[in-house]
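Structure first, then comments.
As a basis for the values below, the full set of heavy atoms in this structure was taken, side chains included, without hydrogen atoms, waters or symmetry mates. In what follows, chains are A, B, ... by sequence order, proteins preceding strands, each numbered from 1.
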Amino acid sequence: MGSSQSWTLNPTQWEAVRHGQGPLLVLAGAGSGKTRVLTHRVAYLVEEQGVYPSRILAITFTNKAAAEMKERLQQLIPGETVSWVMTFHAAANRILRQEIEALGYARQYTIYDDSDQERVLRAVLKHFDLDEKVLSPRAVSSRISDAKNRLLGPRQLGQQAVTLHEQRIADIYTEYQKRLQEANALDFDDLLMLTVKLFQEHPPLLTKYQDKFQYILVDEYQDTNQAQYVLVNLLAARHRNLCVVGDPDQSIYGWRGADLRNILDFQQDYPDAVTVTLEQNYRSTKVILQAANQVVSFNQNRLPKELRTEKPEGEKILLQTAADEKEEARFVAETFESWRRAESRGYNQFAVFYRTHGQTRVLEETFLHYGIPYRIYGGQSFYKRKEIKDILSYLRLLVNPTDNVSLERVINVPRRGIGDTTWARLVQRAEEKNLPYYFALQELAEGPECGAKIRRSLQEFVQLIEDFRRQGEADGITTLTWNILERSGYWSELGKEEEARRENLQEFLSLTREYDERRSGWEEEAENGEETAGLAHFLGRVALITDLDKYQEGEQAVSLMTMHSSKGLEFPVVAVLGMEENLFPHGQAREDQQELEEERRLCYVVLTRAQERLLLTRAERRMLYGSVRYNEPSRFLREIPPELIAGSISRQPATAAPAAPARKPLGASHLFHVGDRVVHRKWGKGVIVQVRGEGDDYQVAVAFPDQGIKQLLMKYAPLEPA
DNA sequence: AACTAGGGAGTTTTT
DNA sequence: CTCCCTAGTT
């Protein structure tokens with residue numbers, strides 16, 4: 001972002017930065033220095049207008065954006081701390097931690113992520129005796145999320161229900177919400193919905209925060225949903241110093257509740273609003289920008305806007321049609337290699353975007369084969385890994401004994417002989433006596449219902465948890481965590497082949513260590529009476545952070561990611577794969593005008609990620625779900641002016657790709673040698689003892705200390721240098 | 001209580 | 001095709 005921009009602001013940017021009191025709408029095209037404007041505006045308010053940093057609220061969508069903003073502020077106004085620079089959810093969480101008792105929840109509430117949510121839903125479906133095949137937890141969860149985003153509680157959804165099916169969803173929602181409350185747990189959507197509820201039901205609390213936040217700034221306003229919209233506008237109602245920044249053309253999250261009208265209607269919401277439009281782009285070449293402008297102009301429902309740049313014309317966009325997805329991947333690999341050499345670029349200057357995760361596989365195999373280092377973004381998050389969720393569940397259970405999901409997760413992990421039968425008995429008792437599961441467990445451990453052996457196990461488990469609780473976090477969260485891992489037997493239960501899990505846990509311990517060390521820092525940022533620097537605070541942070549394995553700038557690797565996760569990033573060289581009907585625009589989106597326009601905006605987003613070079617590819621045939629599909633070229637290709645394109649929409653002999661190098665692929669044999677230490681995802685550490693074969697047949701023999709020698713086909717083996 | 005085979009679903013994702 | 005959950009088996 002903006003790194004290519006010079007240090008000063010242009011006149012339009014200045015106008016937005018220096019805007020005084022009252023509402024302000026900044027329509028910021030891609031690469032127009034939006035983050036710059038936001039940070040400079042905050043700095044300006046503090047430095048020039050003498051606004052107290054604690055009275056500014058700056059909201060972003062992702063932790064990454066918030067971190068970036070904080071960092072830049074640090075540079076602009078060193079010595080000042082603007083502590084309310086955070087995501088929507090983090091801000092809501094911070095308010096609720098303080099005030100939630102007004103809604104009848106306890107302050108140590110647990111935040112449930114989507115997998116916790118799914119567990120609850122599964123139980124609810126079972127409770128209603130509904131077959132998961134008829135009504136999937138996924139489908140229900142998205143309906144509930146939808147309702148919450150629109151600020152509809154279970155009762156309101158029930159009132160709206162017309163069909164039997166809708167009524168059933170409402171019933172499930174009711175039971176789901178009841179269970180969350182009993183567990184003193186909030187899901188992500190609750191954070192927003194309950195904050196709004198808090199303010200609506202308790203006007204004095206609303207007034208308190210309205211008074212506090214003299215200036216409010218919101219990034220990516222085009223992505224706000226109804227709940228976020230109401231929240232922001234409630235908070236801004238008193239001072240009316242609301243500055244929203246966004247780009248309607250980059251709205252790509254309609255499917256998860258984002259409402260484009262929020263930004264489009266800003267002028268109507270605030271008739272006295274000043275609008276500033278940033279159309280000067282500092283990122284891409286003229287060719288790239290023209291293509292993007294042109295494509296998005298095919299949308300009917302949009303405000304006119306055209307990006308300009310003073311950058312050079314640049315190279316034409318390279319378009320290549322491959323026979324299938326393998327050839328497509330090879331073409332990208334070879335083109336990248338040739339550009340990397342010819343233009344002495346580092347691997348970190350390259351990125352590959354695709355519409356669906358399913359497309360990563362072939363890319364991985366191909367890059368591995370060519371010996372091109374790569375990194376996939378947005379896959380399985382660190383915090384969703386089993387071992388991390390397990391240890392987190394132990395910690396959550398300590399803070400909140402009513403957290404039934406966490407209890408279920410850890411009660412028999414590691415195995416302690418408490419199986420399905422015992423669990424069912426426990427659940428039954430809990431429901432009969434309307435108790436949290438943990439308390440029912442304590443009763444079972446003392447009562448006569450279970451056999452002596454089981455009772456013994458239950459007692460030991462309770463004893464264990466109570467010991468941990470007694471120990472608490474007085475010696476730091478790291479000590480507590482390590483204690484749990486060791487004393488529960490979790491650590492020693494991890495076999496040799498689960499080395500990766502151990503490493504993840506080590507990584508988790510380094511996070512707790514970091515937290516323990518920065519404890520005093522959190523205490524400093526805390527405002528009057530805020531409880532920070534405790535286990536509950538730590539768990540709250542962890543629940544809202546998923547960015548651990550996100551983009552790291554310096555790393556010498558090609559970045560692979562879905563089109564959606566590319567938003568907000570920029571790369572000198574970008575390849576966009578699968579430019580085909582049914583894939584992009586996605587098959588499900590082609591019928592519906594609204595969805596199609598969102599796909600087109602997605603296209604606008606990906607094209608504008610590229611700074612210098614753009615490579616678009618498609619495959620004539622593609623393997624999807626085990627069968628071969630033949631897709632037409634994407635309509636978006638035809639929407640790009642032909643004079644900006646080199647190459648052809650139809651398949652051409654190799655000459656159509658002037659940049660394709662006439663050289664042999666590197667071959668993965670350059671990756672490993674006999675004697676190299678490697679790590680295998682399943683088998684752990686090993687040493688290469690033999691290398692043979694070429695290309696797809698390239699094989700290595702690896703000696704693993706405990707499993708002996710394995711023959712691995714490099715094409716598939718999850719093998720990495722150690 | 002733990003393992004195995006079989007069935008069904010499989011855009012996009014942050015928090 | 002492949003992953004993941006479930007049901008059935010031992």
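A straight line from OH of A/Y354 to C1' of B/dT13 spans 13 Å, rounded to a whole angstrom. With rounding to whole Å, A/K64 atom NZ is found 11 Å from B/dT15 atom P. As rounded to whole Å, 16 Å separates atom P of B/dT15 from atom CG of A/D116. In this structure, A/D187 places its CG atom 20 Å from P of B/dT13, rounding to the nearest Å. Taking atom CG of A/D113 as the reference point, atom P of B/dT13 lies 16 Å away to the nearest angstrom.
For B/dT4, the base adopts the anti conformation, since its glycosidic angle falls more than 90 degrees from zero.
Residues meeting the side-chain contact (heavy atoms from CB on, under 4.5 Å) test with A/Q250, sequence neighbours left out: A/A30, A/Q222, A/D247, A/K567, A/Y604, A/V605, A/R609. Judged as a ring-ring contact (aromatic ring centres under 6.0 Å, His included), and not counting sequence neighbours, A/F188 has no contacts. Residues satisfying the side chain to side chain donor-acceptor pair (under 3.5 Å) test with A/E580, not counting sequence neighbours, are A/R622, A/N631. A/F636 meets the ring-ring contact (aromatic ring centres under 6.0 Å, His included) test with A/F584; sequence neighbours excluded. With sequence neighbours excluded, no residue forms a side chain to side chain donor-acceptor pair (under 3.5 Å) with A/D114.
Taking atom C1' in both B/dT11 and C/dT6, the straight-line distance is 25 Å, to the nearest Å. Using atom C1' as the reference point in both B/dT14 and C/dC3, the two lie 23 Å apart (nearest Å).
The pair A/R621-A/D324 meets the salt-bridge criterion, with a side-chain N (NZ, NE, NH1 or NH2) lying under 4.0 Å from an Asp/Glu carboxylate O. A salt bridge is absent between A/K384 and A/D113: the closest approach of a Lys/Arg side-chain nitrogen to an acidic carboxylate oxygen does not fall below 4.0 angstrom.
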Practice problem: Give the C-alpha distance, both sets of side-chain angles, the deciding distance and a yes or no for side-chain contact (heavy atoms from CB on, under 4.5 Å) between A/L560 and A/R375. | Solution: CA-CA 6 Å; A/L560 273 48; A/R375 189 180 175 91; over 6 Å; no
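Remark: A/R168 is not positioned above the aromatic ring of A/Y173, lacking an NZ or CZ atom under 6.0 angstrom from the ring centre and at most 45 degrees off the axis. Cation-pi geometry between A/R541 and A/F538 is not satisfied (NZ or CZ under 6.0 Å from the ring centre, within 45° of the ring normal).
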Could you run down the sub-3.5 Å N/O contacts of the protein with nucleotides 1-4 of chain B?
unit_1 : atom_1 : unit_2 : atom_2 : d
B/dA1  : OP1    : A/G417 : O      : 3.1
B/dA1  : OP1    : A/G419 : N      : 2.6
B/dA1  : OP2    : A/G419 : N      : 3.3
B/dA1  : OP2    : A/D420 : N      : 3.2
B/dA2  : OP1    : A/R415 : NE     : 3.0
B/dA2  : OP2    : A/R415 : NE     : 3.1

Identify each atom pair where a protein N or O and an N or O of nucleotides 9-12 of chain B are less than 3.5 Å apart, giving names and distance.
unit_1 : atom_1 : unit_2 : atom_2 : d
B/dT11 : OP1    : A/Y625 : OH     : 2.8
B/dT11 : OP2    : A/Y625 : OH     : 3.4
B/dT11 : O4'    : A/H586 : NE2    : 3.1
B/dT12 : OP1    : A/H357 : N      : 3.0
B/dT12 : O4'    : A/R355 : NH1    : 2.9
B/dT12 : O2     : A/W255 : NE1    : 3.3
B/dT12 : O2     : A/R355 : NH2    : 3.1

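Between the side chain of A/N184 and the backbone N or O of A/A106, at least one donor-acceptor pair lies under 3.5 Å.
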Which pairs would a plain distance check flag for residues 403-418 of chain A, meaning a side-chain donor or acceptor within less than 3.5 Å of a matching protein atom at least two apart in sequence or in another chain?
unit_1 : atom_1 : unit_2 : atom_2 : d
A/D403 : OD1    : A/Y112 : OH     : 2.5
A/D403 : OD1    : A/V405 : N      : 3.3
A/D403 : OD1    : A/S406 : N      : 3.1
A/D403 : OD1    : A/S406 : OG     : 3.4
A/D403 : OD2    : A/R396 : NE     : 3.4
A/D403 : OD2    : A/S406 : OG     : 2.6
A/N404 : OD1    : A/Y437 : N      : 3.1
A/S406 : OG     : A/R396 : NE     : 3.0
A/S406 : OG     : A/R396 : NH2    : 3.1
A/R409 : NE     : A/D390 : OD1    : 2.8
A/R409 : NH2    : A/D390 : OD1    : 3.2
A/N412 : OD1    : A/R416 : N      : 2.8
A/N412 : OD1    : A/G417 : N      : 3.3
A/N412 : OD1    : A/I418 : N      : 3.2
A/N412 : ND2    : A/I418 : O      : 3.1
A/R416 : NH1    : A/V410 : O      : 2.7
A/R416 : NH1    : A/I411 : O      : 2.8
A/R416 : NH2    : A/Y394 : OH     : 2.8

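Pairs engaging residues 584-596 of chain A under the salt bridge (Lys or Arg N to Asp or Glu O under 4.0 Å) rule: A/E581-A/R590 [sequence neighbours left out]. Within the structure, side-chain hydrogen bond (donor to acceptor under 3.5 Å, both in side chains) pairs that include any residue of residues 139-151 of chain A comprise A/S145-A/D189, A/K148-A/Q177, A/K148-A/D187, A/K148-A/D190, A/N149-A/D189 (at least two apart or interchain).
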Quiz item: With Watson-Crick and G-U wobble geometry limited to distances under 3.5 Å, how should the secondary structure of DNA chain B be encoded in dot-bracket form, using | for bases paired to another strand and [ ] for crossing pairs?
Solution: ||||||||||.....
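A/R416 comes within 4.0 angstrom of nothing in the nucleic acid, heavy atoms only.
Side-chain nitrogen and oxygen atoms of A/N63 include at least one within less than 4.0 Å of the OP1 or OP2 phosphate oxygen of B/dT15.
Nucleotides of DNA chain C lying under 4.0 Å from heavy atoms of chain A occupy a range whose first and last members, 5' to 3', are C/dC1 to C/dT6.
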